[in-house]
Protein chains: 2
Amino acid sequence: MAATLRDVAELAGVSIKTVSNVVRGYKHVKESTRTAVLAAIEQTGYQPNISARSLRIGRSGVIGLALPELALPYFAELAGAVISEAKEHGVTVLIEQTGAELDAEYDVLRSPSLQLTDGLIFSPLAMSQDDVARLEVDYPLVILGERIFDPPCDHVVMDNVVAARAATEHLIAAGCRRIAAIGAHLGEDQGSAALRLRGYREALEAAGLPYDESLVGYVGLWHRLDGAQAMHEVLARGVAVDGVFGMNDTLAFGALRALQDEGRRVPDEVKIIGFDDLDETRYTAPSLSTVDPGRLQIAQQAVRVLLSRIEERRSGGAAAAPRRYTTPFRIVERESTRRADAPAA
Amino acid sequence: MAATLRDVAELAGVSIKTVSNVVRGYKHVKESTRTAVLAAIEQTGYQPNISARSLRIGRSGVIGLALPELALPYFAELAGAVISEAKEHGVTVLIEQTGAELDAEYDVLRSPSLQLTDGLIFSPLAMSQDDVARLEVDYPLVILGERIFDPPCDHVVMDNVVAARAATEHLIAAGCRRIAAIGAHLGEDQGSAALRLRGYREALEAAGLPYDESLVGYVGLWHRLDGAQAMHEVLARGVAVDGVFGMNDTLAFGALRALQDEGRRVPDEVKIIGFDDLDETRYTAPSLSTVDPGRLQIAQQAVRVLLSRIEERRSGGAAAAPRRYTTPFRIVERESTRRADAPAA
DNA sequence: ATGAAAGCGCTAACAT
DNA sequence: ATGTTAGCGCTTTCAT
């Protein structure tokens, strides 16, 4: 079986305390002792038992990440960034998928598997402001996204309203006047869909353009198929459309496909912008303009905030008040919103 | 602080053993006792300490999953499937990214974070047959993919040669005679690229078509951009091309884009098939024919095999010999290989 | 600079 | 059916 401190100690002819000191890089160890211990560690192939250490010190070096679904590219890229950032700090990541189900989101907050986790980064999709009380947990928790506004925990967000407004203004600046919004959720007044719709409306208003319900495409989920269907629905209404704001890239890909299927030339007749800056946006035909939501920064910020909370708790300091961190976004212009008179890429 | 067995026991007026029995669903507990204990658990908010349990029983209920990168859609979807399957079995998943770096792949096999893991599912991308000895580890290990052929551990694979051959035969059946292969790795004779190239050659040979080096597009990685560049290179050679076998969907997306950029009509002038059945294949224009590699089945099989190895080890049974599990694939025909005379989708 | 020993919370063998 | 108790491997006082 795996070697323990005791095995190493015996082999090196010292006490387990000394081995422990060497393993943990304690300074005051005689050089000769250290060498002997290191040799014994090498020889036995000793690796510390994380469960035992974790039981003893109350931390495991593992953080949880709860998100809707890894098959959604946005979350896959986010998870990759979280894992990379965690690794920088010597921490590993345990992933839970909630499938965007409300019950699963409740469950994940009390999941027994989180017991061996030092804290959680949580990206809710079904929970809303009403559920804010559920976020009062007794472990460090960082939530992502703007579904909940004053959570009793740290919060890393990108400003959806401002970003959606900027995306819509980008279309307006490109000459669009009849801009469809694809991806709205019926009856929702919180969450990304509602916020991005609000940003869209603000941009229209600021430009003196009317808000026209017949230009809004409602969907269930933000999958490609939903984008395609919603786009077809809007076009079927027979209204004029010369621009499309897709509330995420995946919806926009579907909408782009629908436009092309119906013979609309993009960007000549209709311009379209998405949201997320998925890798894929670079490779569609035409390539998709989008909003870069600063995924990397969100991931880095979330990990750092979580780890500092964990450290704060370890050192027994008084808990600082929950903070909200807003990360920057960026409009990325690609072919799908290029003006006819603009130079090619 | 968090409640322990002792707290619950005290409150319920029983011993910790009884509480433990209730928690673990032991049958022989008096109904009234069980009720009292459950009430005490409810009241204290008791949750078992996984580290302690894990230390005691030697298992944590966590498995590791090591893969190149979550940002690659294939691996994101695979990881999602592994997590879902693991959850079915009450197990959680800790993910490590290797970035397809050889050193990182070596490291992951000895990573300290695996210490709290009961076993590992590993999808190597840089390791080769030469590294087979490194897979002799003292914990349950299941490897995925065909980079290594007779590993000293269980192995879940899809038959790349046969699948690539089937994909190429699909193009041939659709009338293609000048079929480019996009995604070869120079000098590689193991790994997916080499295997898929072999399947491609076998199909040509079986159909009596010549193998023409000028139709092979070499790449560094299997990203979209690589597919586009390789396709441009092949076209630049001025050779006739009426079919393209993309060694994965991502390459095929890039190649598709390149073909369209150069004014080739797909599928009328050139047909193209990819490999992986990413969700995205349904939404490109034209939609992409591909090979469904049975990701879900790979994930399920891998988790089940790993868990049964863990169970085998727990029960102290003699270890059965490592097995190879081959999962089935399926050709998915979409628009990109449709014959002119075939009915539309 | 190093050793002895307590105990983190749990499970399981043994006892009743 | 339930209680007692010995560790699992580690970190950490407290000695020396």
Partners of A:Y325 by ring pair (Phe, Tyr, Trp, His ring centres under 6.0 Å), sequence neighbours excluded?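 Applying ring pair (Phe, Tyr, Trp, His ring centres under 6.0 Å) to A:Y325 gives none.
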Contacts of type ring pair (Phe, Tyr, Trp, His ring centres under 6.0 Å), residue B:Y106, not counting sequence neighbours: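 Expected list: none.
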Shortest non-hydrogen contact from [X] toward [Y]:
| X | Y | answer |
| --- | --- | --- |
| B:R53 | B:P48 | NH2-CB, 3.6 Å |
| B:F122 | B:T98 | CE1-CG2, 4.4 Å |
| B:L114 | B:Y139 | CD1-OH, 3.8 Å |
| B:P140 | B:L306 | O-CD1, 3.6 Å |

With 3.5 Å as the limit, what N/O pairs link the protein to nucleotides 14-16 of chain D?
none

Any side-chain N or O of [X] under 4.0 Å from OP1/OP2 of [N]?
| X | N | value |
| --- | --- | --- |
| A:S20 | D:dC10 | no |
| A:T4 | D:dG9 | no |
| A:R24 | D:dT12 | yes |

Could you say whether B:G13 or B:I57 is positioned toward the 5' end of DNA chain D, judged by the nucleotide with the nearest heavy atom to each? B:G13
Side chain to side chain, [X] and [Y], heavy atoms closer than 4.5 Å:
| X | Y | answer |
| --- | --- | --- |
| B:R147 | B:S128 | yes |
| A:L78 | A:L144 | yes |
| B:I95 | B:I83 | yes |
| B:V157 | B:F149 | no |

For DNA chain D, find the residues of residues 42-52 of chain B with a heavy-atom distance under 4.0 Å and give them by number; none if there aren't any.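 Correct list: empty, so none.
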Positions of residues 27-38 of chain B (non-hydrogen atom under 4.0 Å from DNA chain D), listed by number: B:H28, B:V29, B:K30, B:T33
Roughly, in whole Å, what's the span from [atom1] in [X] to [atom2] in [N]?
| X | N | atom1 | atom2 | result |
| --- | --- | --- | --- | --- |
| A:L55 | D:dC8 | CG | C1' | 9 Å |
| B:R53 | D:dC8 | CZ | C1' | 14 Å |
| B:L5 | D:dA6 | CG | P | 18 Å |
| B:I16 | D:dG3 | CD1 | P | 10 Å |

How would you list, by chain and number, every residue that makes a side-chain contact (heavy atoms from CB on, under 4.5 Å) with A:A40, sequence neighbours excluded?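 In terms of side-chain contact (heavy atoms from CB on, under 4.5 Å), with neighbours along the sequence ignored, A:A40 is linked to A:V8, A:L11, A:A12.
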Those residues at least two apart in sequence (or on a different chain) that pass side-chain contact (heavy atoms from CB on, under 4.5 Å) with A:L307 are A:I63, A:H89, A:V91, A:V303, A:I310
What is the bend of the helix from C:dA1-D:dT16 to C:dT16-D:dA1 when you compare the axis at one end with the axis at the other, using five pairs each and rounding to 10°? 30°
Got a sec, which pairs hit side-chain hydrogen bond (donor to acceptor under 3.5 Å, both in side chains) with one end in residues 34-50 of chain A, sequence neighbours left out?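 Listed once each, the pairs would be none.
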Residues in side-chain hydrogen bond (donor to acceptor under 3.5 Å, both in side chains) contact with B:R309, at least two apart in sequence or another chain: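 B:R309: side-chain hydrogen bond (donor to acceptor under 3.5 Å, both in side chains) contacts with B:D154, B:E312.
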If the threshold is 4.0 Å, N to carboxylate O, is there a salt bridge linking A:R304 and A:E85? yes
Please, which pairs that meet salt bridge (charged side-chain N to carboxylate O under 4.0 Å, His left out) have at least one residue in residues 63-81 of chain A, sequence neighbours excluded?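 Qualifying pairs: A:E77-A:R295.
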For chain A and DNA chain C, what are the first and last nucleotides along the strand, 5' to 3', with at least one atom under 4.0 angstrom from a heavy atom of the protein chain?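 Boundary nucleotides touching chain A, in 5' to 3' order, are C:dA1 to C:dG9.
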